[in-house]
Amino acid sequence: MSGYTKNELMIAASARLLTGVENCFVGVGLPNIVCNLAQRTVAPELQLVYESGVFGARPRRLPLSIGDPTLATGSTAITSMFELFAFYLQAGLIDVAFLGGAQIDRFGNLNTTVIGDYGRPKVRLPGSGGACEIAIHARQILVIMRQAERSFVEELHFRTSPGHSGDPEHDRARGWSGSGPTNVVTDLATYGFDEETGEMTLRTVHPGVALDDVRANMGWEPRVSPDVTETPRPTDEELRLLREELDPQGMYTK
Amino acid sequence: MSGYTKNELMIAASARLLTGVENCFVGVGLPNIVCNLAQRTVAPELQLVYESGVFGARPRRLPLSIGDPTLATGSTAITSMFELFAFYLQAGLIDVAFLGGAQIDRFGNLNTTVIGDYGRPKVRLPGSGGACEIAIHARQILVIMRQAERSFVEELHFRTSPGHSGDPEHDRARGWSGSGPTNVVTDLATYGFDEETGEMTLRTVHPGVALDDVRANMGWEPRVSPDVTETPRPTDEELRLLREELDPQGMYTK
Amino acid sequence: MSKVATMREAVADLVRDGDTVAIEGFTHLICFAAGHEIIRQGRRDLTLARMTPDVIYDQMIGAGVARKLIFSWLGNPGVGSLHAVRRRIEDQEPGPLDVEEYSHFGMVCRYVAGASNLPFFPIRSYFESDIPAVNPRIVPITSPYEDGDEVYVVPPLKPDVTIVHAQRADRDGNAQIWGLLGCQKEAAFAAERVIVVVEELVDGDVIRRDPNRTVIPGIVVDAVVEEPFACHPSFAQGYYDRDNAFYLAWDAIARDPKTLEGWLQEWVYDLGSHADYVEKWGAEHWASLKPGPAPSGEVDYGMYA
Amino acid sequence: MSKVATMREAVADLVRDGDTVAIEGFTHLICFAAGHEIIRQGRRDLTLARMTPDVIYDQMIGAGVARKLIFSWLGNPGVGSLHAVRRRIEDQEPGPLDVEEYSHFGMVCRYVAGASNLPFFPIRSYFESDIPAVNPRIVPITSPYEDGDEVYVVPPLKPDVTIVHAQRADRDGNAQIWGLLGCQKEAAFAAERVIVVVEELVDGDVIRRDPNRTVIPGIVVDAVVEEPFACHPSFAQGYYDRDNAFYLAWDAIARDPKTLEGWLQEWVYDLGSHADYVEKWGAEHWASLKPGPAPSGEVDYGMYA
């Protein structure tokens, strides 16, 4: 089992960030697998929350969408979306949420709206969904994205969801329940954010990836942690869970 | 059956005001009997709505309070009080509501808060409850009160719930769903409100009551309709329903 | 993680002198047993919040636990007055009581704002009423849109402790309620600490079979107390009836401070717990309050595996 | 008073050219059959509102019914893009489409404001986002209280017509939903006219046995349509599964305007009604989407006579 895919590494690295977390806003795709893996390893108490209004979901199959019927059956509570956003999210009850996007900047601001000009976009992306308020109010934001020069950019085409302001004096005003993005996991490396400046900071580089590969795939010169290390590989147990229990068809792990 | 009590007359007169009405905010006591009588006579489609959050109640017994369990069982819908006040009442879906109070003035403004000074009241009354917003948003307000000089007053000690402003130019601003008080039924007479001035206007005097009795029991010289008549007596069928079906113990009709 | 506690433990741990306490429930599911335990433990200087203070707050205020009352309708529903509260306000006897009053919708929206982390909540009420004149926390603001409509706003209400009763909950505090819902959900989400008292503690699977029935999720709950008949003389839909005779009797009890004190001595101080109260009323009384059956029927969520 | 109608009648009576139409349902209970009937009846110049336009609005916009879209997340959930909508926006092909966009919470609060007769609704979102810069209807206001917090407000959304699907309703339109609730209640209360489509028309007594399950009361409903499988390829909890294979297939269908047009011809224009659509998919398909049982259990409301 010593071999593993890039996705398996990203999933395992992300799951470990959930150590001890009690609840998490889950998206579909990778975040869903990440949460399922964390529940079976580092966060046995983890409750899955979906913006569709489900709390404490126990999906019996891999959901294709965040509104899959398997999320409702057997969950702890189903609530209107108003209550989910107002009473749970805006009130600061959500510990962790996953976000991603077409573009991210060095302060963790995200673009999920357009590539090009808003009025006549080159690519019309989905828009905010709940991302704007999730970025503001989830206690902690984890970002999972593939890394490339066109997505890790010096300047966003559109700021859909706020990260850090870059201004330590005025970061995350009162009334924002969350502390913003804390980690980014890509297919090349993992990053944290500097507590002072809010700037994305390289923490670990994946096995087999050179620091220059990381630099070549982003639009700015990254701040590098003085104690940068290699990202830990997935353990045999993590790989077994992923392959045998969570995604036997390899929908998300290949 | 030619004899009847004052309450029976008030109930019958009030019930006839509900002719064809589709839904009504019900209080306990007289309004509850009034609505039940109307359902069996002039308003067979009438839905009973309670501010406790019940729509389409079918009480199997006379409820002592607006939160009686008999109101919930077998009703059409139960809703949170937020939704009842916001989506039903404030949105203008309630056709008729009953209000009363310790004091009423000539424009139908009501006091249910204090007798005397607010800071050190002679009598501390219950306060608004839902009355303030009901007065603003129910399409039509019916008032049932015993008439006396101390309760039909020139000047309220406290205006809890607005009636008409007395200023035809600025009565019932935009955003108010209701048209205000339209009728008052007392133990002596019934009143409407002048469409121009919003002033309470004597319409009918109960059998056996002299116009001077009516005048003697209010704090201002009432406007009198040119075609003032005698209040119709309860019919035999109304009395039968009240005595045999709706209130056999005479809790409210005696 | 189990949050199960006794009423004594829950009140001792979570209700502190000087707290703002909301025991909510609109006529339905008013947790009298929690109020009695707060009296028994001698809490003082509480600010008591409730839409309808009801007999429970007349008892608590009569027992001297509160310095302030936040409310929207002050009466004994279907009966008349709350005499202990009136004595404090009208005669300042045995001392004054601060009051802060709203309309029902205003109180509900205060809880909604508190639950939602909003600095204010807009409502179309209070127009041409004297209520804002005696409560400066109700203020007008103007719509920033073309309409320019003026509305009033109320501030968030965030109790230190909210205590609600539910028919059932699991050990994590996921609570299900049917019948009148009042504003318990909003009051619970708005609070810093939450005690859920239930008629029955049930397995988590019972909750998960009908997740749409869950009104208060365990995530906001600090303690779950199983205490049958805890709402008496209020009621629990499907479990027992409202004891209207007691509501009527309370009027006479509370009219005189001496009879009120005697009642508190006999029914609260002299008893160790709500279990003693249930026993003192006797099995016959509880049998008389039991309703007939009216089953909801069931729906199918479907198994999607 | 019975409000029962066929889908053809309901759409003919209640959906008019130029209307703002909201077919709501978050992933769950999206009434595709109503969208197809609107296409079939050739409505034009609609403003379509939905949190998640989903494949239903890709089909309707592909068919040319709309001039404007109000939304918060524009995608094929779990799959990718809505190609017909993207062509209108990116290439203005076959013509431009006005867009007005919010976040999810903003859209929900627009419906809440619309349902509540409020001129605006405050939310703590949009801070440091570019969304307000491209949507001038999202504006900042300041709390009148000591905190002085700045929040954003959104305006009410009051659709001319809201169409929602429910598992069941009675003939007066009292509708019950379980599983995901989305914002259907708020969208229905906000609308001038409401069509409720159901899997099953039931006796009023079924509704009255469990009044807490009622999500939309008949008082706001203009027409009730019984139309089984009306949500396909979306789903009805407990009745049929989401047809994920169709959502995946739609990606290829909609990528090319010609295949999209062919699909509309075959599956909408050439069929007289949703019953034909159900028949064309065939019994085996519906059997494959049927979930196993997962009963809710029942509760007791108690008979208080």
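So you know, we letter chains A, B, ... as the sequences are listed, proteins then strands, and number each from 1. Keep in mind that this is a model prediction, so the values were computed, not measured.
- Checked against a 6.0 Å centroid threshold, the rings of A/Phe82 and D/Phe121 count as neighbours.
- For chain D, the nearby parts of A/Ser165 are the backbone and the side chain; heavy atoms of each come within less than 4.5 Å.
- Closest approach of A/Ala72 and D/Gln237 over heavy atoms only: CB-OE1, 3.4 Å.
- Only the side chain of A/Tyr118 comes within less than 4.5 Å of a heavy atom in chain D; its backbone stays farther off.
- Note: D/Asp91 CG to A/Lys122 NZ = 11.5 Å, rounded to the nearest 0.5 Å.
- Other residues, nucleotides and ligands place no more than 12 heavy atoms under 6.0 Å from the NZ atom of A/Lys6.
- Of the atoms belonging to D/Tyr111, not a single heavy atom falls under 4.5 Å from chain A.
- A parallel orientation is assigned to the rings of A/Trp176 and D/Phe127, their planes being inclined by less than 30° (bins at 30° and 60°).
- Options D/Phe105, D/Tyr247, D/Phe26, D/Trp73 differ in how many heavy-atom pairs under 4.5 Å they form with chain A, and the most are formed by D/Phe105.
- Atoms SG and CD, on D/Cys109 and A/Glu133 in that order, are 8.5 Å from each other to the nearest 0.5 Å.
- In this structure, D/Arg242 CZ and A/Thr70 OG1 are separated by 13.0 Å, a value rounded to the nearest 0.5 Å.
- Looking only at heavy-atom pairs under 4.5 Å with chain A, the residue among D/Leu180, D/Leu181, D/Val112, D/Val79 that has the most is D/Leu180.
- Among all heavy-atom pairs drawn from A/Arg124 and D/Leu74, the shortest one is CG-CD2, 3.8 Å.
- The contact between A/Ile136 and chain D is made entirely by side chain atoms (from C-beta outward), counting heavy-atom distances below 4.5 Å.
- Each of D/Gly75, D/Gly80, D/Ser103, D/Gly238 has some count of heavy-atom pairs under 4.5 Å with chain A, and the biggest count is that of D/Ser103.
- Of the two parts of D/Met107, neither the backbone nor the side chain holds a non-hydrogen atom closer than 4.5 Å to a non-hydrogen atom of chain A.
- Heavy atoms of other residues, nucleotides or ligands lying less than 6.0 angstrom from CD of A/Glu195 number 12 at most.
- Heavy-atom minimum distance, D/Phe235 versus A/Asp68: CZ-C, 4.2 Å.
- Annotation: A/Arg58, atom CZ; neighbour count of heavy atoms from other residues, nucleotides and ligands within 6.0 Å does not exceed 12.
- Contacts between D/Glu186 and chain A at a heavy-atom distance below 4.5 Å involve the side chain alone, from C-beta outward.
- When the shell of 6.0 Å around CD of A/Glu155 is examined, it contains 12 or fewer heavy atoms from other residues, nucleotides or ligands.
- Side-chain atoms of D/Ile131 and A/Cys132, non-hydrogen and from C-beta on, do get closer than 4.5 Å to each other.
- Proximity of a side-chain donor or acceptor of A/Gln90 to a complementary backbone N or O of D/Ile123 within less than 3.5 Å is not detected.
- For D/Arg86 against A/Val123, the heavy-atom pair with the smallest separation is NH2-CG1, 3.3 Å.
- Here the closest non-hydrogen pair linking A/Pro69 and D/Asp241 is CG-OD1, 3.2 Å.
- Although no hydrogens or angles enter the test, the distance criterion places a donor-acceptor pair under 3.5 Å between the side chain of A/His137 and the main chain of D/Arg124.
- Of the listed residues (D/Gln184, D/Gln92, D/Lys185, D/Glu150), the one with the most heavy-atom contacts under 4.5 Å to chain A is D/Gln92.
- The greatest number of non-hydrogen atom pairs below 4.5 Å with chain D, out of A/Gly129, A/Gly67, A/Gly127, is found for A/Gly129.
- Taking chain A as the reference chain and counting heavy-atom pairs below 4.5 Å, the highest number among D/Val151, D/Asp147, D/Thr52, D/Val85 is found for D/Asp147.
- Between atom NE2 of residue D/His104 and atom OG of residue A/Ser52 there is a gap of 9.0 Å, rounded to the nearest 0.5 Å.
- In this structure, no portion of A/Ala131 lies under 4.5 Å from any heavy atom of chain D.
- To the nearest 0.5 Å, atoms OG (A/Ser128) and CG (D/Asp130) are separated by 12.0 Å.
- Note that CD of D/Glu128 is 5.5 Å distant from CZ of A/Arg159, once rounded to the nearest 0.5 Å.
- Counting heavy-atom neighbours within 6.0 Å of A/Arg150 CZ, excluding the residue itself, gives a total of 12 or less.
- The candidate with the highest count of non-hydrogen atom pairs below 4.5 Å against chain A, out of D/Gly182, D/Ala236, D/Ser234, D/Ser296, is D/Gly182.
- Here the shortest heavy-atom pairing between A/Thr73 and D/Ala294 reads CG2-CB, 3.8 Å.
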